[in-house]
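Each remark here refers to the structure printed beneath this line.
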Amino acid sequence: MGDKNINITLPDGSVRSYEAGVTGLEVADSIAKSLAKAAVGVKINGVLSDLSLPIQADAKVEIVRRQDDAALEMIRHDAAHVMAEAVQKLYPGTQVTIGPSIENGFYYDFARNEPFSTEDFPAIEKEMRKIIERGAPFTREVWDRDEAIKYFKNKGENYKAELIQDLPETEEIKIYKQGEWTDLCRGPHMPTTKHVGNAFKLLKVAGAYWRGDSNKAMLTRIYATAWRDEKEMNDYLHMLEEAEKRDHRKLGKEMDLFHLQEEAQGSVFWHPKGYVIYNQMENYIRRRLNDSGYQEVKTPQLIDNKLWIASGHWGKFRENMFVVPDEIPSTDDEKNIFGGKFEKLMALKPMNCPAHVQIFKQGLKSYRDLPLRLAEFGCCHRNEAHGALHGLMRVRQMTQDDAHIFCREDQITQEAQAFCKLLYAVYRDLGFSDVKIRLALRPENKAGDDATWDRAEAGLEDALKAQGLAYELAPGEGAFYGPKLEFHLKDAIGRGWQCGTLQLDFVLPERLDATYIGEDGGRHRPVMLHRAILGTLERFIGIMIENYAGKLPLWLAPVQCVVATITSEADGYADEVAGKLKALGLRVETDKRNEKINYKVREHSLAKVPVMFVVGAREAAEQTVAIRRLGSQDQSVQPLPSAAESLAGEAKPPY
RNA sequence: GCUGCCGUAGCUCAGUGGUAGAGCACCCCCUUGGUAAGGGGGAGGUCGGAAGUUCAAUCCUUCUCGGCAGCACCA
């Protein structure tokens with residue numbers, strides 16, 4: 001190298017000429033010494049790389065300084081290496097495996113007979129600080145594959161050796177060293193360990209399968225967070241605390257909304273207050289669906305496995321189903337409860353679709369009947385793994401805001417479009433404006449021919465384009481029966497949740513033999529669209545609780561107003577006020593306890609009651625109420641009739 | 001399901017190889033107080049369950065059930 005010149009385009013658009021083989025550091029140095037000093041990496045044509053990597057061809061080059069966003073990934077990845085070195089120093093015999101940077105931090109998976117505990121963290125962090133302080137440079141080498149395998153095997157690093165073995169033949173075996181410590185790594189790294197800085201913290205230990213495969217060994221994973229400076233890290237740690245405060249399981253208990261208990265693992269006991277929210281949500285969606293051309297149905301819980309065999313669920317979904325023999329259980333304690341022949345099996349429905357097809361199939365359907373939109377607040381049971389259960393977010397008995405649209409292929413785009421519109425309107429009403437869409441395309445293992453898939457994918461994509469909705473493609477992630485749209489919403493503290501979905505299905509109508517009579521008088525196959533907006537009521541309510549930190553909008557609040565007395569003289573008037581509010585359809589409670597108003601205010605504030613009407617002798621005499629809103633110290637005194645009317649107006653659901 | 005941690009009063013938690021404690025909540029009494037905890041008293045637990053070690057187990061051991069975190073799976 002050396003005799004050829006290349007053009008480097010900088011972020012400001014300027015183009016400079018360098019000898020081929022120039023490094024990012026040299027480019028930085030040629031721009032400004034200070035830039036070279038601040039540089040930790042370089043983006044070459046958008047790809048983050050080592051500063052020392054020779055650039056051989058024309059490229060767009062962007063120097064990454066430690067304070068740049070792009071440096072976070074390097075800080076975290078380097079910190080992972082530093083942690084691995086520290087762990088191997090402190091706990092000899094521990095094998096290193098992989099340790100990537102992730103959102104907000106990094107982790108490293110170790111193989112060690114004895115697991116780590118959080119009590120090991122201070123020692124590991126201390127050792128990490130030493131390694132960082134030492135500031136050994138990260139150096140990059142390319143090794144011969146067999147030599148590398150031999151090297152790691154000799155060191156007893158069998159997982160690393162396996163990784164190298166499985167790297168594609170075309171891939172270089174890159175080794176990074178930081179002082180004495182050596183690791184197989186794809187890179188890139190910053191110049192020295194010193195650049196990691198001090199803003200890192202080990203957070204938790206957890207098990208993780210080698211290569212994410214539940215049949216393989218369980219490793220110990222250490223999670224940590226790392227940032228450019230302490231302030232950034234503290235902001236993140238505060239966010240974690242905030243998330244913990246908003247935990248719907250905690251709030252659900254505090255607000256007396258629901259509970260779970262071991263006799264019904266994964267199924268919710270809704271308390272009166274929680275069920276108010278549930279019913280409000282369900283009724284809201286019901287009104288939305290009614291006005292959008294859906295017809296509500298209700299289908300059986302227990303269905304013969306014949307239908308599940310026909311639908312394909314028996315084959316593909318059985319391990320997630322609750323199966324029951326259709327047999328009278330024996331009451332004789334000496335005998336088995338069931339005879340053991342299981343000639344006839346039933347299953348609790350895990351999905352509503354096959355049942356909806358049964359309704360579609362009753363009587364002859366004409367093309368004039370399409371699109372036929374059947375909605376159901378379908379109560380489904382899924383036999384979820386115990387370890388997967390999580391409050392309201394992951395349950396075994398769930399109620400979907402489910403519907404199936406039976407239509408012709410040429411109606412897909414318009415139906416998809418109408419659905420997106422409805423979904424956005426609902427999310428907006430419920431307080432979510434940040435929604436991301438993924439279009440999941442055909443997987444390798446799929447039913448139906450390519451021409452059909454072409455039309456199906458185009459149908460969904462056209463619907464998105466027609467509405468100017470941004471989306472991301474997810475190749476290979478579609479269901480075997482058709483492509484789908486996934487809607488991910490972002491909550492108040494930035495976490496994403498997949499809720500809505502729209503799935504095209506060409507397979508089920510075929511398997512269950514659904515047909516309609518077309519204009520030509522012949523039988524045709526309808527296309528089926530599976531769709532949900534909330535996903536499940538349980539989970540969505542969990543998301544709502546966390547999004548609003550329990551302070552639900554007035555129309556959803558279990559108790560919308562508490563009428564609290566200052567002295568017992570106002571008891572009669574408090575009842576009068578509550579009666580008036582109730583008559584206007586509000587959910588009201590009175591608090592006439594022998595307690596001071598401070599105490600009552602505090603208690604109802606903690607219970608997240610949105611509005612309090614405080615009444616004493618004065619209000620009783622003047623027929624007014626002193627209004628106090630959750631989260632505000634202000635009070636305003638208003639005549640009862642106008643206060644009640646305006647609160648009732650405010651409490652109307654958004655639709 | 002897998003790995004790790006945890007399981008004491010309704011809730012949040014302390015504690016010890018010699019059969020348990022706080023705060024809040026609950027009940028009673030005093031207090032009628034103007035916007036985030038007025039005072040006093042009382043009741044409440046076979047320390048998740050089973051087995052073992054021990055003179056003695058809530059504490060140590062094993063098993064089991066459940067919870068939590070992560071993994072795998074997923075709405």
With a 4.0 Å cut-off on N to O distance, would you call [X] and [Y] a salt bridge?
{"X": "A:K349", "Y": "A:E376", "value": "yes"}
{"X": "A:R531", "Y": "A:E415", "value": "no"}
{"X": "A:E650", "Y": "A:R629", "value": "yes"}
{"X": "A:R628", "Y": "A:D634", "value": "no"}

Ring centres under 6.0 Å, that's the criterion: do [X] and [Y] meet it?
{"X": "A:H259", "Y": "A:F269", "value": "yes"}
{"X": "A:F110", "Y": "A:Y108", "value": "yes"}
{"X": "A:Y91", "Y": "A:F116", "value": "yes"}
{"X": "A:Y481", "Y": "A:H530", "value": "yes"}
{"X": "A:F200", "Y": "A:W227", "value": "no"}

Picking from [options], which would you name as closest to the side chain of [X]?
{"X": "A:M218", "options": "B:rA36, B:rG34, B:rC2", "value": "B:rC2"}
{"X": "A:L606", "options": "B:rA36, B:rC71, B:rG38", "value": "B:rA36"}
{"X": "A:Y209", "options": "B:rG1, B:rA75, B:rA36", "value": "B:rG1"}
{"X": "A:I597", "options": "B:rA75, B:rG34, B:rA37", "value": "B:rG34"}

Sugar-phosphate, base or nothing in reach of A:G535, heavy atoms under 4.0 Å: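 Nothing, no heavy atom under 4.0 Å.
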Touch class at under 4.0 angstrom, heavy-atom based, for A:Q635 against every strand present: base
RNA chain B-proximal residues of residues 562-572 of chain A, any heavy atom under 4.0 Å: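 Contacts with RNA chain B under 4.0 Å: A:I566, A:T567, A:S568.
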Near-strand residues of residues 383-399 of chain A, defined as heavy-atom separation under 4.0 angstrom from RNA chain B: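 Per residue number, the list reads A:E384, A:A385, A:H386, A:G387, A:A388, A:H390, A:M393, A:R394, A:V395, A:M398.
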Closest contact, heavy atoms only, A:R76 versus A:N104: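 So the minimum-distance heavy-atom pair works out to NH1-N, 3.5 Å.
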Close side-chain approach of A:T225 and A:L240, heavy atoms under 4.5 Å: no
Identify all pairs in which a protein N or O lies below 3.5 Å from an N or O of nucleotides 23-28 of chain B, and state each distance.
residue : atom : partner : partner atom : Å
B:rA25  : OP1  : A:Y599  : OH           : 2.7

Stepwise side-chain contact (heavy atoms from CB on, under 4.5 Å) test for A:H488 and A:E486: CA-CA 6 Å; A:H488 296 254; A:E486 288 176 4; 2.9 Å; yes
Contact letters for nucleotides 8-13 of chain B, in which S counts primed atoms plus P, OP1 and OP2 and B counts the base, heavy atoms under 4.0 Å: ---SS-
Worked check of side-chain contact (heavy atoms from CB on, under 4.5 Å) between A:S433 and A:Y427: CA-CA 7 Å; A:S433 49; A:Y427 284 179; over 6 Å; no
Whole-Å gap separating P (B:rA69) and CG (A:L203): 14 Å
Atom-to-atom span, CG of A:D247 to P of B:rG67 - whole angstrom: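 That distance rounds to 15 Å.
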Runs of at least three Watson-Crick or G-U pairs with RNA chain B, cut-off 3.5 Å: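 Stems for RNA chain B, defined as runs of 3 or more consecutive pairs: B:1-7 with B:65-71, B:10-13 with B:21-24, B:26-30 with B:38-42, B:48-52 with B:60-64.
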For A:V637, all residues meeting side-chain contact (heavy atoms from CB on, under 4.5 Å), sequence neighbours excluded: A:T624, A:A626
Pairwise C1' distance, B:rA50 and B:rG44 [rounded to whole Å]: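 Each nucleotide's C1' atom is 27 Å from the other's.
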